[in-house]
Amino acid sequence: LLVSVEGDKLYRYDSQLNNIPVNIPGLGKGLSIYSMFHSRDRRSVLIGGNEGLYIYDQIENKTTHFGRSQFDNAIINSLFEDGHGNFWVGVPDKGLYKCNNNRPGYNIVKIAGFPAVNVTGNFTDYDGKLWVATLGSGLYKIDPLSNKILKQVGLEGPQFKKEPLASISCMTSLNDSSLLISSNGLMIYDIPRGTMRTIDFGGELLQNVLSIEKDRSGRVWAGLSNGLCRVDLQRKSILYFDRHDGMVNDGFWIGLSSALPDARLDVYGDGPLREVVFRNPPMPAHMRLPDSRAGAMSCLTGIAAVKSIE
């Protein structure tokens with residue numbers, strides 16, 4: 001597990017959360033990391049921040065660097081991948097960029113018409129189209145081959161007058177044709193039909209969901225500003241956990257969660273650098289990421305589950 005902290009260095013932990021050497025060559029000494037992503041190719045680790053984009057190849061043990069000038073001199077804070085293996089870069093002050101994965105090289109293209117806002121989620125649907133959630137401009141459907149925006153959801157249309165979908169704090173897929181979205185409440189967007197419905201249970205508890213992960217049984221784990229929920233959409237039931245259940249930090253951050261290969265789900269919260277690890281189906285177990293300076297780490301900015309870095 002790689003963990004980045006704003007204004008601090010990069011940390012690496014093994015499966016038992018023991019601190020081990022990072023061993024990534026070529027990173028800038030003044031690098032402050034705001035986003036990380038581990039590619040499905042199991043070899044590329046993307047690292048974005050104040051020095052642009054780094055792509056670390058685990059197999060060849062080398063790092064390719066794209067400076068800030070390639071992203072209009074702005075700071076990167078979102079990284080993800082489409083179904084074709086291309087990397088996408090979100091830059092809040094400038095927009096969205098596509099990094100075409102044309103091995104052995106890459107070329108970068110800016111997406112015309114995409115707003116200069118935070119990217120908070122992404123999903124590749126059954127038709128290979130890319131859906132990108134934003135904090136302020138709704139949901140975008142993009143053709144990853146032509147780089148064209150095909151649709152914008154959430155700012156126009158009668159179905160959104162009562163349920164505006166502008167600021168999306170987080171998003172995950174329920175299956176290959178529906179999205180679970182948090183925007184002043186949880187909603188399910190049906191991609192083929194283009195319709196939205198609100199989760200009609202949970203009341204105010206689900207009004208401020210900041211991060212979402214789905215476990216292998218299909219249940220949803222939702223990080224709130226004041227607790228953690230396990231949501232069963234089929235049974236319409238919720239289990240709620242907070243500091244009274246032994247969680248030292250029960251205030252979570254926008255979009256900062258991760259599903260690990262061994263079925264563990266990680267959601268990160270306020271205060272010193274700590275991790276909430278929970279397995280399905282028991283209650284979550286709180287674990288603190290060990291480091292001598294952990295008490296000083298108050299702004300975790302990125303996580304990436306990596307297979308191995310030798």
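The backbone N or O of Tyr126 lies less than 3.5 Å from no partner atom in the side chain of Asp176, so there is not a single donor-acceptor pair. Listed for the Lys214 side chain is a donor-acceptor partner under 3.5 Å among the backbone atoms of Ser173. Checked by atom type and distance alone, the side chain of Thr63 never pairs as donor or acceptor with a backbone atom of Tyr56 at under 3.5 Å. No donor-acceptor pair closer than 3.5 Å links the side chain of Arg40 to the backbone N or O of Gly85. Between the side chain of Ser35 and the main chain of Gly48, no donor-acceptor pair closer than 3.5 Å is present. Proximity of a side-chain donor or acceptor of Ser182 to a complementary backbone N or O of Val209 within less than 3.5 Å is detected.
Shown here are the salt bridge (Lys or Arg N to Asp or Glu O under 4.0 Å) partners of Asp127, two or more places apart in sequence or in another chain: Lys129. Partners of Thr134 under the side-chain contact (heavy atoms from CB on, under 4.5 Å) rule, at least two apart in sequence or in another chain, are Phe114, Val117, Ser137, Tyr140. With sequence neighbours excluded, the residues forming a salt bridge (Lys or Arg N to Asp or Glu O under 4.0 Å) with Lys110 are Asp72, listed by chain and number. For Phe123, there are no ring-ring contact (aromatic ring centres under 6.0 Å, His included) partners, not counting sequence neighbours. For Asp232, the side-chain contact (heavy atoms from CB on, under 4.5 Å) test picks out Arg219, Gln234, Arg235, Ser237, with sequence neighbours left out. Legend: residues meeting ring-ring contact (aromatic ring centres under 6.0 Å, His included) with His65, ordered by chain and number and at least two apart, are Tyr54. The side-chain hydrogen bond (donor to acceptor under 3.5 Å, both in side chains) test applied to Asn122 returns no partner, not counting sequence neighbours. With sequence neighbours excluded, the residues forming a side-chain contact (heavy atoms from CB on, under 4.5 Å) with Ser146 are Asp143, Lys148, listed by chain and number. Applying the salt bridge (Lys or Arg N to Asp or Glu O under 4.0 Å) rule to Glu60 yields the partners Arg43, Lys62; only residues at least two apart in sequence or on another chain are considered. Qualifying side-chain contact (heavy atoms from CB on, under 4.5 Å) partners for Val220, counting only residues two or more places apart in sequence or in other chains: Leu174, Leu180, Ile212, Val231, Leu233. For Thr124, there are no side-chain hydrogen bond (donor to acceptor under 3.5 Å, both in side chains) partners, not counting sequence neighbours. Residues satisfying the salt bridge (Lys or Arg N to Asp or Glu O under 4.0 Å) criterion with Asp190, sequence neighbours excluded, are Arg193.
Atom CZ of Phe37 sits about 7.5 Å away from atom CG of Leu46, to the nearest 0.5 Å. Atom OG in Ser78 sits 8.0 Å away from atom CG in Asn118 (nearest 0.5 Å). Taking CG of Leu79 as the reference point, atom NE2 of His38 lies at 13.0 Å (rounded to 0.5 Å). With rounding to the nearest 0.5 angstrom, the OG atom of Ser169 is 7.0 Å from the CG atom of Asn208. Interatomic distance, Glu204 CD to Leu224 CG, rounded to the nearest 0.5 Å: 12.5 Å. Taken from OG in Ser39 to CG in Asn86, the straight-line distance is 10.0 Å, to the nearest 0.5 Å.
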Worked verdict on Ile24 versus Ile47 for side-chain contact (heavy atoms from CB on, under 4.5 Å): CA-CA 11 Å; Ile24 297 181; Ile47 301 171; 4.3 Å; yes
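Scanning both residues, Ile76 and Tyr34, for their nearest heavy atoms gives O-CB, 3.2 Å. Contact detail for Ile238 and Leu206: the closest heavy-atom pair is CD1-CD1, 3.7 Å. Contact detail for Ile142 and Asn147: the closest heavy-atom pair is CG2-C, 4.3 Å. Here the closest non-hydrogen pair linking Asp82 and Trp88 is OD2-NE1, 2.8 Å. In plain terms, the two heavy atoms of Gly128 and Pro144 that are nearest each other are O-CG, 3.2 Å. Smallest separation of non-hydrogen atoms from Lys94 and Ala74: CG-CB, 3.5 Å.
Lys151 NZ: more than 12 foreign heavy atoms inside a 6.0 Å radius.
Under the 30°/60° scheme for interplanar angles, the aromatic rings of Tyr97 and Phe71 are found to stand perpendicular.
Cluster membership check: Ile59 does not share its hydrophobic cluster with Tyr106, using side-chain heavy-atom separations under 4.5 Å among Ile, Leu, Val, Met, Phe, Trp and Tyr.
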